[in-house]
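For reference, the structure discussed in these notes is given below.
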Amino acid sequence: MLAMFLAAVEGTIVATAMPSIVSSLGGFSLYSWVFSIYLLAEAVSIPIYGKLADIFGRKPVFMFGIGLFLSGTALCGLSQSMVQLIAFRGLQGLGGGAVMPMATTMVSDLYTLRERPRVQGALSSVWAVASVVGPALGGFIVEQLSWHWVFFVNIPFGIASAAILAVYFREKVTRSQPQIDYIGSAVLVVAVGALMMILVQSGTSWPWLSAPTLALASIAVSGFVLFVLQEKRAPEPLLPLDLLRDRTIVLANLGGMLGGGLIYALSSFIPTFAQGVLGASAIVAGAMLTVVSLGWPLASVLTGRAWNALGHRRTAVMGAGFLMASGVLLATAGVRSPVWQLGAASFVMGMGLGFTQTTYIVTVQSQVPWNRRGVATSSHMFSRILGSTLWVALMGGILNQRLHARLSGLTLEGTGGPAADGIINGGTGLDMVSPLLDPAAREQMAPAVLEQLRHALADGLHAVFLVVLLTACVSFIVAFLLPRQDLVDVRDQEPQGP
């Protein structure tokens, strides 16, 4: 849990410190790459680590990953330029790609099927806690110390986590002569890297329908086709294709992908609605996300009891029901909605994610024996990261399009204060409503302009929340389609005990 927390909190704690980092190092044009490179490195390395863990065991792969992660963390804190910071964030991401799936896989190795939902629930709740603690901790460190300590503070905890696991975690690995699929690994890195580049950079660094996007799309498609062909012929494939023929694993991974999209939709757009549309303070907007850390751990703890009483399928269906209820609360929010409606939606969403995500990861791990659990867990983690990236890109694009449609015909110049007018008339998309997120700029704006922008932003976010509701409905269908029969524990096929 400690190692998982370090990897999970890294994104939120760095986001809070980024204004100070940019003011110190410069290079604002490279701002988004600080996050993008971490995501890219993590995504492409997760399947590789999963396969290595099934060959060499979880412990050596985890130790290698935590070593890379801590090395990258220390170097990030010592960075003297934005280019250095981006390079070292990539090293961090390569380490994080081992830490998260290995922590989840080791927990699965140590507990029986009956115990796993409870323990995996505790592990998954770390994400909710990290989403709340990260921003507050990052703000405190930057204010009291400096941005460098945002990275340095992780090092002693990472060392403690590695030391405890080095001493107390024991596993028996039946080693064979490994035949690592280097070609498949290289092709996957290229294919996933190109796809992530499209999702992260298109629409910002270049238009969606442009030569760079089309070139990257060609690379991604060709790469995935070559990867499938390589996996069919490789003696030890990086991702055994028969996993994709297992209905339970496919549905659980799809549910994880949808959950990943909902997680980031929650953290990305609810604070914007609270501040920009309802006029709430930044503290209140942050509190809307804090309640997620109440619902998610609560549901994660209850998942163990629900699983044993209802079974995995009904537990997932119940969680998806919470997701749909949250989607309804968000989709019906408007300019005159009470703030508590957003808080209720966040709490209910946290409950839904706690039930579904814990159920899905345990379901995937329970479908395979020990020597395939690493790659199966990694496939689920990869699906969740891919879902978060896809959905944030999709929802951001929808929001920008709706704002353009609503604001393109408005003439706002001269009707508000100079600060507001400068941003409104000089920006596009989200930039045009950015004064709504600045209390000082809101005060300078004429009431008529303020109302037009509030309604425009509400309309754009309403479209986003409709996507959230649709995603939750699809998640319900996926949960409903899970096989009805009980899962069977395969620990008797494993070469190690708890």
Side-chain angles (χ1 to χ4, degrees), residues 1-18 20-21 34-35 37-39 41-42 45-46 49 53 58-79 85 88-110 119-170 267 289-290 292-293 296-297 300 377 381 385:
M1 289 179 70
L2 181 58
M4 179 76 85
F5 179 79
L6 293 178
V9 80
E10 192 57 38
T12 54
I13 195 173
V14 171
T16 308
M18 275 308 296
S20 297
I21 293 175
V34 175
F35 305 98
I37 195 66
Y38 184 91
L39 182 65
E42 185 180 49
S45 62
I46 281 178
Y49 286 128
R58 320 329 184 186
K59 191 173 181 177
V61 174
F62 174 85
M63 291 301 175
F64 178 78
I66 196 71
L68 276 184
F69 182 83
L70 293 179
S71 299
T73 298
L75 291 171
C76 284
L78 297 172
S79 298
L85 179 62
F88 299 143
R89 282 282 287 174
L91 186 62
Q92 256 192 324
L94 289 175
V99 172
M100 290 188 294
M102 288 308 101
T104 305
T105 305
M106 285 189 286
V107 165
S108 180
D109 291 341
L110 292 172
V119 183
Q120 291 287 11
L123 199 67
S124 67
S125 66
V126 168
W127 285 94
V129 176
S131 68
V132 177
V133 173
L137 182 60
F140 175 81
I141 291 175
V142 169
E143 184 175 331
Q144 299 298 323
L145 299 171
S146 72
W147 67 264
H148 303 275
W149 284 95
V150 165
F151 298 100
F152 294 151
V153 73
N154 278 339
I155 296 176
F157 297 103
I159 293 174
S161 173
I164 292 170
L165 287 170
V167 174
Y168 292 105
F169 182 76
R170 294 180 175 86
S267 60
L289 294 181
T290 302
V292 177
S293 66
W296 193 323
S300 297
T377 302
M381 292 287 186
I385 291 177

- Query: Looking only at atom types and distance, does a side-chain atom of Tyr49 sit under 3.5 Å from a main-chain N or O of Gly96, one as donor and one as acceptor?
  - Reply: no

- Between Pro101 and Gly97 the two heavy atoms that sit nearest each other are CG-O, 3.0 Å

- Interatomic spacing from CE in Met106 to NZ in Lys59 - rounded to 0.5 Å: 9.5 Å

- Item | Heavy-atom check, side chain of Leu75 versus side chain of Gln92, under 4.5 Å | no

- Item | Atom of Ile155, atom of Ala74 and distance for their closest heavy-atom approach | CD1-CB, 3.8 Å

- Do you know which two heavy atoms are closest between Trp147 and Ser79, and how far apart they sit? CH2-O, 3.9 Å

- Item | side-chain contact (heavy atoms from CB on, under 4.5 Å) between Met1 and Val107, intermediate numbers included | CA-CA 10 Å; Met1 289 179 70; Val107 165; over 6 Å; no

- Message: A side-chain contact here means heavy atoms from C-beta on lying under 4.5 Å apart; do Phe62 and Thr105 qualify?
- Response: no

- Separation between CG (Leu68) and CG (Leu91), nearest 0.5 Å, reads 5.5 Å

- Task: Return the minimal non-hydrogen interatomic distance between Ser45 and Leu94, and the atom names on each side.
- Result: OG-O, 3.9 Å

- Could you list the residues that satisfy side-chain hydrogen bond (donor to acceptor under 3.5 Å, both in side chains) with Thr104, not counting sequence neighbours? none

- Message: Would you compute the distance between atom CD1 of Ile159 and atom CG of Asn154 and round it to the nearest 0.5 angstrom?
- Response: 11.0 Å

- CZ on Phe157 to CG on Leu2, rounded to 0.5 Å: 7.5 Å

- Message: Once rounded to the nearest 0.5 Å, what's the spacing between atom CE of Met102 and atom CG of Leu165?
- Response: 12.5 Å

- Can you name the nearest heavy-atom pair linking Ala103 to Met4, along with the distance? CB-CE, 4.4 Å

- Item | 4.5 Å side-chain heavy-atom contact, Leu78 and Phe152 | yes

- Message: To check you understand the geometry: which heavy-atom pair defines the closest contact between Ile66 and Gly158, and what is its length?
- Response: CG1-O, 4.1 Å

- Message: Tell me whether Thr73 contacts the main-chain N or O of Phe69 through its side chain, where contact means a donor paired with an acceptor under 3.5 Å.
- Response: yes

